[in-house]
Every structure is written in structure tokens, then in C-alpha cells.
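Here is the structure we will look at.
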There are 2 protein chains.
Amino acid sequence: MKQSKRKKLETKGWKVGAAADFLNLTPEEELFIDMKISLSRSLKELRIRKRLNQVDFAKLIKSSQSRVAKMEAGSASVSFDLLIKSLLALGASEKDLAKAIRL
Amino acid sequence: MKQSKRKKLETKGWKVGAAADFLNLTPEEELFIDMKISLSRSLKELRIRKRLNQVDFAKLIKSSQSRVAKMEAGSASVSFDLLIKSLLALGASEKDLAKAIRL
DNA sequence: TGCATATATGTCATATTTGACATACACTTA
DNA sequence: TAAGTGTATGTCAAATATGACATATATGCA
């Protein structure tokens with residue numbers, strides 16, 4: 001993994017693998033994180049395109065501004081389930097999600 | 001929603017929405033469930049293609065046979081996170097997952 | 001029939017994720 | 001400068017998902 005990418009993840013609460021050791025990140029773990037980050041990006045993009053601020057979007061999905069911020073920051077404490085629910089709430093289709101995973 | 005589909009979900013622990021009322025299933029909720037079920041199917045398919053039984057696969061992902069069964073049954077108690085981790089463990093790529101979501 | 005293998009279902013203590021809240025930070029504009 | 005707006009970060013009790021376990025069911029085969 002590139003040094004720059006590693007640094008980025010460390011700050012977001014990602015403790016991957018048993019040893020929380022970024023040197024031992026398996027390819028699957030990296031893919032898993034990459035996909036979440038991809039969804040994060042799509043979420044932020046979509047929210048902004050809909051001209052919603054984090055507070056209003058949080059209300060829309062019955063969550064909180066802080067959690068929206070964490071979603072968009074690619075925080076490790078956010079599940080795929082929440083990301084996907086959020087994207088669907090913004091009107092994303094299955095096709096959109098399939099695309100978003102890989103962006 | 002079709003009657004047949006509704007019946008199927010009811011048996012798998014899906015209590016959707018506040019009222020657990022299948023008559024009030026929003027399109028987003030339905031999409032959410034559909035996607036999980038799609039991943040379930042792909043998972044089962046991939047596992048069998050790799051000639052693993054549920055016990056051995058459970059060991060591979062450090063889980064249990066019962067949870068693998070629940071994953072493949074499309075149980076409501078299974079998260080996207082676990083489904084995706086499992087698929088990645090079977091060698092699925094981001095592309096594969098993007099496809100699997102929509103099958 | 002009994003035995004082996006594979007899968008399904010239910011329960012539960014533990015682990016993780018959640019929304020809520022407080023508060024900090026960044027930026028604009030008056 | 002202060003006030004307003006939007007976003008980020010940390011904490012925590014409650015909600016949800018988890019692996020482990022027991023047990024049930026199904027199928028094949030001696």
C-alpha cells in the first residue's frame with residue numbers, strides 16, 4: 001500500500017486485522033475499505049448535488065449530523081448497511097450503487 | 001410487492017419499518033433487502049463452486065456454520081459488511097460484487 | 001434400519017454500530 | 001471583531017450484529 005494512503009486510513013479509526021497493523025493489511029481488507037470509501041465519496045457527492053447540508057440529510061435518514069460527517073469521512077465506525085441505506089434514501093438505484101462501489 | 005415474495009421474507013426475520021408491516025414497505029427498503037438477497041445467492045454459488053461446505057467456509061472466514069447458513073438464507077440478522085467480507089474471502093473482486101448486487 | 005455428512009434454526013453473551021449530544025473547527029460576512 | 005452556517009471529532013448508552021453452541025432436519029449409503 002502506498003504510504004500516503006496508509007496515513008489517511010490511520011486517522012480514520014481503521015484498525016485492520018488482529019494486530020491493527022497496516023503493514024499486514026490483506027488484499028481483501030484493503031478492498032473492503034476501498035469500497036466503503038468509494039461509497040462515502042458517492043454519498044457526499046449525491047448529498048451535495050441535492051443541495052442538502054449534513055443536518056438536513058441527517059433528518060431525512062433519521063440519523064445525526066455527526067454520523068453523516070463520519071460516513072462522508074470514511075470513518076471505520078460506519079457500516080456498509082448505513083452507507084447503502086443512506087445512498088438509497090438519496091434516490092440511488094442498484095445500478096448506481098454497483099457503480100459507486102468501484103469509483 | 002408480490003404475495004409470494006412477501007411470504008418468503010416474513011419467514012426470515014425481516015421486520016421492516018417501524019411497524020414491521022410489509023404493506024408499508026418503502027421502495028428503498030425493498031431495494032435494500034433485494035440487494036442483500038442477491039449477495040446471499042452469489043455467496044452460496046461461489047462457495048459451492050469452490051467446493052467448500054458451510055463448516056469449512058466458516059473456518060475460512062473465522063465464523064460459524066450457523067452464521068454461514070443465515071447468510072445464505074438471506075436472514076435479516078446478517079449485515080452487508082459480513083456478506084461483503086465473505087464474498088471477498090472467496091476471491092470476489094469489486095467488479096464481481098458490483099454485479100452480484102444486481103443479480 | 002443406523003450412521004455419516006451437510007445444512008437449518010433458535011438462543012444468548014459479547015462485540016460492534018448507532019443516534020444523540022457536546023464541542024471544536026473552518027469559513028463567510030457584517 | 002462577533003455572529004452565522006456548515007462540517008468534524010469525541011464520547012456514550014442503547015440498539016443491533018456476531019460467533020458459539022445446541023439441536024433439528026435432510027439426504028445418501030451401508
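Just so it is clear: chains get the letters A, B, ... in the order the sequence lines come, proteins before strands, and each one is counted from 1. The figures here come from the full heavy-atom set of this structure, side chains too, leaving out hydrogens, waters and symmetry mates.
- Nearest-nucleotide mapping onto DNA chain D: of A76(B) and S64(B), the residue sitting toward the 5' end is A76(B).
- Between R47(B) atom CZ and dT7(C) atom P there is a gap of 5 Å when expressed in whole angstrom units.
- At a threshold of 4.5 Å between non-hydrogen side-chain atoms, the residues R47(A) and E72(A) count as touching.
- In this model, the phosphate group of dA15(D) is not approached by any side-chain N or O of R67(A) to a distance below 4.0 Å at OP1 or OP2.
- The side chain of S63(A) places an N or O atom within less than 4.0 Å of a non-bridging phosphate oxygen (OP1 or OP2) of dG19(C).
- Note on R102(B) versus D34(B): no salt bridge recorded, every NZ/NE/NH1/NH2 to OD/OE distance being 4.0 Å or above.
- Below the 3.5 angstrom threshold, one finds a donor paired with an acceptor across the side chain of K70(B) and the base of dT11(C).
- Rounding to whole angstrom units, CE of residue M71(B) and C1' of dA20(D) are separated by 14 Å.
- With rounding to whole Å, F57(A) atom CZ is found 12 Å from dT7(D) atom P.
- Side-chain N/O atoms of Q54(B) include one lying less than 4.0 angstrom from OP1 or OP2 on dA8(C).
- Going from atom CZ of F80(A) over to atom C1' of dT18(C) covers 17 Å, rounded to whole Å.
- Salt bridge annotation for R49(A)-E45(A): present, with a cationic side-chain nitrogen under 4.0 angstrom from a carboxylate oxygen.
- Put simply, the side chain of E72(A) and the base of dA8(D) share no donor and acceptor less than 3.5 Å apart.
- Closest to the L82(B) side chain, of the nucleotides dA8(C), dT9(D), dT18(D), is dT18(D).
- Both S66(B) and L83(B) lie close to DNA chain D; mapped to their nearest nucleotides by heavy-atom distance, the more 5′-ward contact belongs to L83(B).
- By the 4.5 Å heavy-atom criterion applied to side chains, L90(B) and L52(B) are counted as neighbours.
- In this structure, W14(B) places its CH2 atom 13 Å from C1' of dT16(D), rounding to the nearest Å.
- The nearest whole Å value for the distance from the NZ atom in K62(A) to the P atom in dA15(D) is 17 Å.
- Looking at heavy-atom distances under 4.0 Å, V68(B) makes no contact with the nucleic acid at all.
- Using a 4.5 Å heavy-atom threshold, the side chains of N53(B) and F57(B) count as separate.
- Atom CG in L52(A) sits roughly 15 Å away from atom C1' in dT5(D) (whole-Å rounding).
- Between Q65(A) atom CD and dG4(D) atom P the separation is 18 Å, expressed in whole Å.
- Looking at which nucleotide of DNA chain C each of K44(B) and S77(A) is closest to, the 5′-most match is held by K44(B).
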